[in-house]
Amino acid sequence: MARASRSVTSSGKWKYCNPTYYLKRPKRLALLFIVFVFGSFIVWDRQTLVREHEVEIEGLRKEITEMQNMLEELNKAKSSKEVIDDPLDIERREKVKEAMLHAWGSYEKYAWGQDELQPQSKSGVNSFGGLGATLIDSLDTLYIMGLDQQFQKARDWVANTLDFNKDYEASVFETTIRVVGGLLSAYDLSGDKVFLDKAKDIADRLLPAWDTATGIPYNIINLSHGRAHNPSWTGGDSILADSGTEQIEFIALSQRTGDPKYQQKVENVITQINKTFPDDGLLPIYINPHSGKAGYSPVTFGAMGDSFYEYLLKVWIQGNKTSAVKLYREMWEKSMKGLLSLVRRSTPSSFTYICEKNGGYLSDKMDELACFAPGMVALGSFGYGPEDSQKFLSLAEELAWTCYNFYQSTPTKLAGENYFFHDGQDMSVGTSWNILRPETIESLFYLWRLTGNKTYKEWGWNIFQAFEKNSRTESGYVGLKDVNSGVKDNMMQSFFLAETLKYLYLLFSPPTVIPLDQWVFNTEAHPLRIVARKEGGSVENTNEKQKPPFRIGGRKEGRIG
């Protein structure tokens, strides 16, 4: 055994492990030293390079983190600057918020869960079949203003008490814009699915209204039994605005549920109307739901016509202006050609106004309801080339001046329901009531956002002060029976909280609050998220891809109001 071992050591590989082998051979020892040093250097150099690389990566990470922090600080500084640079805006926004608290608190105290408050008698009235119209209409206003406790209490009522199974003849139009729109907006803002579920429930009850020969809907439906019909006073016809003002809400519902049936129903209406759409884009206010033909009736941008034209533009915006919604923009531009044919100017002051048309006859009458048009025209002007864009924006500004003077021309500084323009007399009040309408303030909001002209804020503030002076009572806000005498009525309309106060609040808020490139307002001022439309009209369920709920400065901290 020992011999064998020595044999291996003297002649095999194991001899190199014996130190005496090298001590007897200095050259080989020197060579081993050189190999050892060189190998150590290589290992050391590699480790050094790895460490240097890691240090470099860590340094880059720190730089990226620092840059991100700097960007966040800049954004915060920018947002903060937008808010604190104008203390007057903050003060006015707080005043509007206080008005909302007064209106809401009065509703909560005297009419909770009912449709509308009667402030003079301190009682509630179910003017919409007991659907909680004011409560649902107010949800997004409460949320945007950061009134968390009030919003949560209203949310719990929706979740636990709201019931749509009612033997009630509901207006398809009013129920869509107030209830479906209000619930969807609350969902888009908060991300709370209870609102989406309730919106689907009421929309399903409305759907049978579209079961006509053409798909143009009946305007009234029983929510419990599903029987639909038109008002007797229309002679069986459907109303233009009532039939063409559900697109935004029902398209949004299809997008958020992934169910195409809602979108298909309302888009078929536009398809049918487009078959006989005139070159000037102007339609009479009555349409036969069986033949699809327009009846002999007035053409107007006021009552019963207004929001049809509004939705042609806004569905295009809602679809992110893609080719899938190009038809809507094309139809709207035709309607703007028609609107230009109705524009007149008064004497002696040259107020620009929009006539109404009946056959070949033009009537020099303009509803306050038509004062949504300056905002709509301004919003749509940016889809034109430079020359037309400026032309329509200038028209919007001229119309807004007229609408503001609807208010300034009366003793109470509140507008009547409509105005007539006679040669040499400029404007005079026709129907003299004021029911807290929002249309002029809506247009001032859009013009401020789109032009940055602070004059529109001043006009809005003057109108708000007139409401405070003439319409505020100890138990809410009321309209006026006569804007000349100031005699009050006994109704706080739900749209006063949904639209009038919301647009005033946004008028004095930074443009980053409900930015117009991310949200579109329905005709009841309920903001809905803009979602790009796919080609072919296919519907994608955006529910799972819902962006984080809307927040104002974190909503819990650093809120603007």
Side-chain angles (χ1 to χ4, degrees), residues 115 126-133 136 158 162-184 187 195-275 285-295 304 307-308 311 315 522-524 526 528 537 539 541:
D115 286 329
N126 283 326
S127 40
F128 296 96
L131 303 182
I136 295 174
V158 170
L162 180 60
D163 180 15
F164 294 129
N165 188 24
K166 297 181 182 296
D167 186 9
Y168 172 68
E169 303 286 300
S171 162
V172 175
F173 165 72
E174 296 288 358
T175 307
T176 297
I177 67 171
R178 298 181 195 231
V179 181
V180 180
L183 291 169
L184 285 175
Y187 171 68
F195 298 120
L196 181 62
D197 293 340
K198 288 292 185 179
K200 185 176 183 300
D201 181 5
I202 186 63
D204 286 340
R205 295 175 183 276
L206 297 175
L207 278 181
W210 280 265
D211 295 339
T212 66
T214 61
I216 293 172
Y218 292 119
N219 299 150
I220 296 174
I221 192 168
N222 186 287
L223 294 180
S224 179
H225 305 299
R227 293 190 297 267
H229 59 91
N230 277 332
S232 57
W233 51 267
T234 66
D237 285 339
S238 297
I239 299 168
L240 177 64
D242 286 26
S243 304
T245 312
E246 291 87 11
Q247 283 68 28
I248 288 176
E249 296 83 359
F250 277 61
I251 291 170
L253 187 57
S254 280
Q255 289 173 332
R256 284 140 184 81
T257 63
D259 190 335
K261 66 182 180 183
Y262 309 104
Q263 178 175 318
Q264 289 168 354
K265 289 285 189 182
V266 296
E267 294 218 294
N268 178 61
V269 175
I270 302 302
T271 300
Q272 294 297 324
I273 290 176
N274 190 49
K275 289 179 180 178
I285 58 175
Y286 294 151
I287 302 176
N288 189 300
H290 307 294
S291 67
K293 295 180 180 179
M304 297 189 285
S307 50
F308 166 74
Y311 271 36
V315 173
N522 84 337
T523 197
E524 190 79 1
H526 295 308
L528 298 170
V539 173
N541 188 344

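Residue numbers count from 1 along this sequence.
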Any donor-acceptor pair under 3.5 Å from [X] side chain to [Y] backbone:
| X | Y | result |
| --- | --- | --- |
| Asp115 | Gly129 | yes |
| Asn165 | Ser224 | no |
| Asn222 | Glu169 | no |
| Asn288 | Asp237 | no |

Reported [atom1]-to-[atom2] distance for the pair [X] and [Y], which is rounded to 0.5 angstrom:
| X | Y | atom1 | atom2 | result |
| --- | --- | --- | --- | --- |
| Tyr262 | Thr257 | OH | OG1 | 5.5 Å |
| Ile220 | Asn230 | CD1 | CG | 7.0 Å |
| Lys198 | Leu184 | NZ | CG | 14.0 Å |
| Leu223 | Leu206 | CG | CG | 6.5 Å |
| Thr234 | Met304 | OG1 | CE | 9.5 Å |
| His290 | Thr214 | NE2 | OG1 | 8.0 Å |

Does either side chain, that of Asp211 or that of Tyr218, offer a donor lying less than 3.5 Å from an acceptor on the other one? no
Practice task
Give a yes-or-no answer on whether the side chains of Ser307 and Thr245 include a donor-acceptor pair shorter than 3.5 Å.
Solution key: yes
Please examine the side chains of [Y] and [X], heavy atoms only from C-beta on, and report whether any two atoms are closer than 4.5 Å.
| X | Y | result |
| --- | --- | --- |
| Phe308 | Ile285 | no |
| Phe250 | Leu207 | yes |
| Val180 | Glu246 | no |
| Tyr286 | Leu240 | no |

Applying side-chain contact (heavy atoms from CB on, under 4.5 Å) to Asp201 and not counting sequence neighbours gives Phe164, Arg205
Charged N to carboxylate O under 4.0 angstrom, Asp204 versus Lys261?
yes
From the list Thr176, Thr175, Ile177, side chain to side chain contact (heavy atoms under 4.5 Å, CB included) with Phe173 holds only for Ile177
Of Asp197, Ile136, Leu253, Leu196, the one forming a side chain to side chain contact (heavy atoms under 4.5 Å, CB included) with Leu183 is Ile136
Heavy atoms of Pro208 and Gly226 approach each other most closely as CB-O, 3.7 Å
For Gln247 and Tyr311, the nearest pair of non-hydrogen atoms, with its separation, is N-CD2, 3.9 Å
Q. Do Asn219 and Ser171 pass the side-chain hydrogen bond (donor to acceptor under 3.5 Å, both in side chains) test, and can you show the C-alpha distance, the side-chain angles, and the key distance before you say yes or no?
A. CA-CA 6 Å; Asn219 299 150; Ser171 162; over 6 Å; no
Contacts of Asn522 meeting side chain to side chain donor-acceptor pair (under 3.5 Å) (sequence neighbours excluded), chain-then-number -> Glu249
